[in-house]
Amino acid sequence: MAASRPEAVAVVEPLGCAGGKRRYRQMTFRELDQDSDRIARGLRELGVPPGSRLVMLIRPGIDFVSVVFGLFKAGLVAVLIDPGMGARRAMRCLAEAEPDGFLAIPIVQAARLLSPGRFPKVRFNITAGRRWFWGGMTLDRLRGGPWSGSEMAATSADAPAAIIFTTGSTGPAKGVLFTHGNFDAQAQQIGDFYGIQPGEIDLPGFPFFGLFNCAMGVTAVIPDMDPSRPAQVDPVKIVEAIGDWNVTQAFGSPAIWDRVGRYCQSQEIRLPTVHRVLSAGAPVPIEVLERMKGCIAAEGDIHTPYGATEALPVASIAASEVLSETAGKTRAGAGVCVGRRFADIRWKVVRIVDGPIPSLDACEVLPAGEIGELIVQGPQVTRQYVTGGEANRTAKIRDGVGFWHRMGDSGYLDGRERFWFCGRVAHRVVTSGGTMYPICCEAIFNQHGEVQRSALVGVGAAGRQRPVMVIEPCHRQVLRDRTAGRRLLAELGELGTANALTAGIADFLLHPGLPVDIRHNVKISRERLAVWAARRLQPRRGASR
């Protein structure tokens with residue numbers, strides 16, 4: 001892109017305001033190419049051997065993008081983790097990755113020094129910002145003098161490029177090994193599937209997507225937000241950036257578009273330059289799709305790519321198809337349709353097995369319409385974890401010299417080869433009368449006008465679990481007003497009894513705010529809720545409240 005579009009803007013980051021108008025810093029593709037060359041040269045001159053693992057924790061913006069490309073050019077492996085999981089947990093995960101160094105902001109370097117025994121292999125430490133009470137290199141010094149030519153280590157498709165940690169929303173966070181081939185396949189398939197063209201302007205609500213923008217010749221306008229708290233995003237700042245740069249595409253979690261859509265609807269704001277919105281991380285509520293579809297360009301659409309840290313993208317569906325065809329079925333308990341697979345993805349739905357599956361021969365492939373676990377294969381599917389103990393044995397299925405990845409998601413394929421998501425395999429509730437799937441059951445209760453969201457959890461041992469529906473009401477006063485609370489629970493009980501999917505649910509609990517994942521702020525932490533529900537039900541077994 002630096003060769004074909006040298007003067008086009010590659011990355012934009014927000015600065016402060018002056019005279020009531022936002023200021024921005026920007027970098028062209030030529031400048032980004034040369035800056036990342038300087039970073040790669042600095043790392044080489046510092047003596048960092050190719051293949052070394054460097055923890056990278058710096059704030060989203062131009063430096064983030066330039067440093068990642070600099071690490072790639074130097075043949076190094078970037079270790080990335082979501083800081084929203086908390087310092088103690090993040091440091092424990094990073095120690096498992098056995099890094100050779102840190103390229104991080106001062107507060108992270110300080111935390112590293114306070115845990116010296118955790119990082120015995122660390123030799124290279126670069127501070128992005130001012131050094132405090134330690135020595136070593138800074139990012140500004142690492143860049144050195146003027147650009148002195150292209151830097152590009154010899155790499156192959158199978159060469160390690162990054163270790164990215166999962167959120168740990170359904171178990172311990174695990175370090176996923178990405179190769180250069182994985183990233184190349186991701187960029188190629190995302191661009192081809194959505195028809196993304198050089199010259200478009202994107203607002204990436206997830207920092208790593210800014211890298212794909214640059215690879216596709218798209219300007220990345222970094223939003224003024226905390227990426228670890230998308231549910232708290234200020235919609236005014238998102239709308240401001242879209243207007244200032246005539247953004248044509250935007251990517252973010254459903255939590256971001258929930259806030260932006262509500263704001264635009266209440267203020268009667270249109271975003272006419274936006275033709276494509278992407279939202280990933282969890283199923284996007286139908287009402288969020290409706291609101292966002294109503295405030296972007298008339299011919300625009302919302303797309304919901306489906307996948308996981310280990311395998312992305314896998315499938316996608318557009319809001320136009322959801323609203324015209326699948327939404328009614330979702331509300332009736334059929335699950336959430338996540339669409340058709342990407343061109344290079346192969347997939348199968350197999351009989352659910354708790355525990356490892358040694359080979360594909362041991363799998364029972366299910367026919368269309370029958371719920372099982374989705375397994376996938378393709379060039380964007382990562383091959384292994386580098387942390388997480390037994391994760392490789394439990395999440396990968398051998399197929400000759402290749403493998404399949406277990407998505408950990410339950411669902412089924414319909415007659416048109418679309419996958420319908422019914423919930424995480426680990427979250428299904430196995431009762432004496434059969435198996436209940438969260439997404440299907442929750443849809444029945446989410447239709448009630450006073451329900452913000454709901455979560456099905458199981459209490460007790462698998463096979464004899466007691467299904468409990470935890471309800472987050474739209475209005476907090478329901479939690480304080482016993483009469484209103486009893487009325488709501490009674491209405492929900494009647495709603496559940498009238499549907500075959502939920503007739504077996506006798507216990508309902510009200511919760512002030514369902515706990516969610518740290519990365520997208522939308523995946524409900526059902527493991528934590530199950531423990532909470534068990535404690536609430538213990539004093540009065542069999543009582544519904």
Which heavy atom of [X] sits nearest to which heavy atom of [Y], and what is that distance?
X      : Y      : result
Pro99  : Val55  : CB-CG2, 3.6 Å
Ala173 : Arg89  : N-NH2, 4.1 Å
Glu373 : Met407 : OE2-N, 4.0 Å
Thr502 : Gly496 : OG1-O, 2.8 Å
Val239 : Leu271 : CG1-CD2, 4.1 Å
Ile286 : Leu323 : CG2-CD2, 3.8 Å

Thinking salt bridges, do Glu321 and Arg418 make one under a 4.0 Å N-O criterion? yes
Inspect the contact between Asp301 and Arg276 and indicate whether a charged nitrogen and a carboxylate oxygen are less than 4.0 angstrom apart. no
Under the side-chain contact (heavy atoms from CB on, under 4.5 Å) criterion, do Thr330 and Trp420 qualify, and how do the steps go? CA-CA 9 Å; Thr330 293; Trp420 291 71; 4.1 Å; yes
For the residue pair [X] and [Y], establish whether any side-chain heavy-atom pair is separated by less than 4.5 Å.
X      : Y      : value
Asp202 : Phe212 : no
Cys422 : Arg428 : no
Val381 : Phe403 : yes
Ile397 : Arg406 : yes
Ile164 : Thr382 : no
Leu495 : Ile444 : yes
Tyr306 : Leu374 : yes
Val65  : Leu211 : yes

Counting N and O atoms only, with roles assigned by atom type, does the side chain of [X] sit under 3.5 Å from a partner on the main chain of [Y], one being a donor and the other an acceptor?
X      : Y      : value
Gln377 : Trp404 : no
Arg53  : Ala97  : yes
Arg340 : Glu417 : no
Thr219 : Ile201 : no
Asp82  : Ser228 : no
Ser410 : Gly423 : yes
Lys348 : Glu364 : no
Glu370 : Tyr412 : no
Glu472 : Leu514 : yes
Asn182 : Thr179 : yes

Can you tell me how far apart [atom1] ([X]) and [atom2] ([Y]) are? Round to the nearest 0.5 Å.
X      : Y      : atom1 : atom2 : result
Ser253 : Arg259 : OG    : CZ    : 11.0 Å
Phe178 : Ile163 : CZ    : CD1   : 11.0 Å
Ile524 : Ile439 : CD1   : CD1   : 7.0 Å
Leu456 : Ile505 : CG    : CD1   : 5.0 Å
Ile296 : Thr273 : CD1   : OG1   : 10.0 Å
Ser454 : Leu492 : OG    : CG    : 8.5 Å

Which atom pairs, donor and acceptor, lie under 3.5 Å between side-chain atoms of residues 308-317 and protein residues at least two apart or in another chain?
from, atom 1, to, atom 2, distance (Å)
Thr309, OG1, Arg519, NH1, 3.3
Glu310, OE2, Tyr385, OH, 2.7
Ser316, OG, Tyr194, OH, 2.7

Ring pair (Phe, Tyr, Trp, His ring centres under 6.0 Å) with [X]: which residues, sequence neighbours excluded?
X      : answer
Trp347 : none
Phe206 : none
Phe72  : His180, Phe183

Assess the residue pair Met225 and Ile256 against the criterion (side-chain contact (heavy atoms from CB on, under 4.5 Å)); give the C-alpha distance rounded to whole Å, side-chain angles, the decisive distance to 0.1 Å, and a yes or no. CA-CA 10 Å; Met225 62 172 284; Ile256 293 177; 3.7 Å; yes
Please lay out, stage by stage, how Met216 and Ile190 fare under the test side-chain contact (heavy atoms from CB on, under 4.5 Å). CA-CA 9 Å; Met216 294 184 285; Ile190 290 170; 4.3 Å; yes
Answer yes or no: are there more than 12 heavy-atom neighbours, outside Arg5 itself, under 6.0 Å from its atom CZ? yes
Mark yes when over 12 heavy atoms from residues, nucleotides or ligands other than Arg270 sit less than 6.0 Å from its CZ; otherwise mark no. yes
Checking Val11 against Phe64 for the side-chain contact (heavy atoms from CB on, under 4.5 Å) test, could you report, in this order, the C-alpha distance in whole Å, the side-chain angles of both residues, the deciding distance, and whether it holds? CA-CA 10 Å; Val11 191; Phe64 177 88; over 6 Å; no
Any salt bridge (charged side-chain N to carboxylate O under 4.0 Å, His left out) involving residues 436-448? Give me the pairs, sequence neighbours left out, ordered by first then second residue. Glu442-Arg526
Side chains of Gln188 and Asp184 only: does a donor on one sit below 3.5 Å from an acceptor on the other? no
Applying salt bridge (Lys or Arg N to Asp or Glu O under 4.0 Å), can you list everything that pairs with Asp226, at least two apart in sequence or on another chain? Arg229
